[in-house]
There are 2 protein chains.
Amino acid sequence: MLDQVDQSILRHLVENARMSIKEIAQQVGLSSPSISDRIRRLEERGIIRGYTLDIDPKALGFPLQAIVHIRPLPGKLHAVQQLIEELAAFGECDKVTGDDCYFARLYIRSIEELDTILNKIVEKAETRTSIVKSQPVLRRPPPF
Amino acid sequence: MLDQVDQSILRHLVENARMSIKEIAQQVGLSSPSISDRIRRLEERGIIRGYTLDIDPKALGFPLQAIVHIRPLPGKLHAVQQLIEELAAFGECDKVTGDDCYFARLYIRSIEELDTILNKIVEKAETRTSIVKSQPVLRRPPPF
DNA sequence: AAGTTTACCTTATAATATCAGGTATTTTCT
DNA sequence: AGAAAATACCTGATATTATAAGGTAAACTT
């Protein structure tokens, strides 16, 4: 499915999505046009979904993160999901099997702010919150 | 802290980290060297941590994801964390307050594979697993 | 009020990407 | 089996983009 060259290209781009095609070409031992072609094909195949920034929340004034388990009250499921999508403090949300419908990541400026944000959904859902103490594994792609 | 121009630059790069400096310059109405300078400063300030790929796990053969809550058995905390870091199927892991020490994201090829992977930590920790049904909010940066 | 810093500009040069055209190898079809 | 087509690569020319150098105006500092 992915040959060695494609894997190498992906690895380089995961490391640094702005690496020049020329440099990738040199690293993997092919010409620039070949690398361009392969990247285009990886995009067309939907393997590369896009190129994005890794922004440090701390540097933006959000030194804390919390993981919130959210169980919407009867009839409130849709409203709760919409709130999560709209509140920019939610940096990630998965809808999962089980009683706790949603697991969401919250960027917060302080412990006090946690309350401010959760108050916005407290009438529509039960929540359980855990504060992130460290991140042993930062977002990384699946193995290939 | 971040003026309008910096914010606009970040927004463009979050959208497409490979966008050319020239195009960003045109969009925000400054010259290329000015944009280069500002990006360099955003990097130096640690706001831009890096540029990375958004890879679609489905396209790589991982149609399923699970969120696993992991509570290491007494004395096993360190061993468990090391396992999570080493197993590439774990795409993300937060160490949090509360009894469930770790919340981790697992990329899986099939439901059967879930068992295979969890067997590797079953002697060292209690786990509770939820299957991801949808992702209402994909990873996004904190508000700015 | 003079000096310094900052954030920008323009222009020239250097680096990079893309395009066009060609070749060898493998796959597909008759 | 052999012809045709497709694939994956190459090189070299051209177009695009990035960077470096040098300069200006405004704002802050002493």
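Proteins come first, then strands; the chains are lettered A, B, ... in the order of their sequence lines, and each starts at number 1.
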Side-chain donor/acceptor pairs under 3.5 Å, residues 10-18 of chain A, sequence neighbours excluded:
residue: Arg11(A); atom: NH2; partner: Gln7(A); partner atom: OE1; Å: 3.0
residue: His12(A); atom: ND1; partner: Ser8(A); partner atom: O; Å: 2.9
residue: Asn16(A); atom: OD1; partner: Arg18(A); partner atom: N; Å: 3.0
residue: Arg18(A); atom: NH1; partner: Ala17(B); partner atom: O; Å: 2.6
residue: Arg18(A); atom: NH1; partner: Met19(B); partner atom: O; Å: 2.9
residue: Arg18(A); atom: NH2; partner: Met19(B); partner atom: O; Å: 3.4

Where the side chain of Arg38(A) is concerned, which of dC9(D), dT10(C), dC10(D) is the nearest nucleotide?
-> dC9(D)

Nearest of dC9(C), dC19(C), dC9(D) to any side-chain atom of Leu30(A)?
-> dC9(D)

With a cut-off of less than 4.0 Å, is there a side-chain N or O of [X] near OP1 or OP2 of [N]?
{"X": "Ser32(B)", "N": "dT19(D)", "answer": "no"}
{"X": "Ser36(B)", "N": "dT19(D)", "answer": "yes"}
{"X": "Arg41(B)", "N": "dA7(C)", "answer": "yes"}
{"X": "Ser31(B)", "N": "dT10(C)", "answer": "no"}

Tell me: [atom1] of [X] to [atom2] of [N], nearest whole Å?
{"X": "Ile35(A)", "N": "dC10(D)", "atom1": "CD1", "atom2": "C1'", "result": "13 Å"}
{"X": "Leu42(A)", "N": "dA8(D)", "atom1": "CG", "atom2": "C1'", "result": "14 Å"}
{"X": "Ile39(A)", "N": "dT16(C)", "atom1": "CD1", "atom2": "P", "result": "15 Å"}
{"X": "Asp37(A)", "N": "dG21(C)", "atom1": "CG", "atom2": "C1'", "result": "14 Å"}
{"X": "Asp3(A)", "N": "dT26(C)", "atom1": "CG", "atom2": "P", "result": "15 Å"}

Per the under-4.0 Å heavy-atom filter, residues of residues 18-27 of chain A near DNA chain C come out as Ser20(A), Ile21(A), Lys22(A)

May I have the step-by-step check of side-chain contact (heavy atoms from CB on, under 4.5 Å) for Lys124(B) and Leu73(B), ending in yes or no?
-> CA-CA 6 Å; Lys124(B) 303 191 177 71; Leu73(B) 298 177; 5.7 Å; no

If you take all heavy atoms of Glu113(A) and Ile108(A), which pair is closest and at what distance?
-> OE1-CA, 3.3 Å

Which of parallel (below 30°), tilted (30 to 60°) and perpendicular (above 60°) describes His69(B) and His69(A)?
-> perpendicular

Over 12 foreign heavy atoms within 6.0 Å of CD, Glu44(A) = yes

Check the hydrophobic clustering (I, L, V, M, F, W, Y; side-chain heavy atoms under 4.5 Å; chains of links allowed) and say if Leu64(B) and Phe62(B) are grouped together.
-> no

Look only at the side chain of Asp94(B) and the backbone of Val96(B), and say whether a donor-acceptor pair between them is shorter than 3.5 Å.
-> no

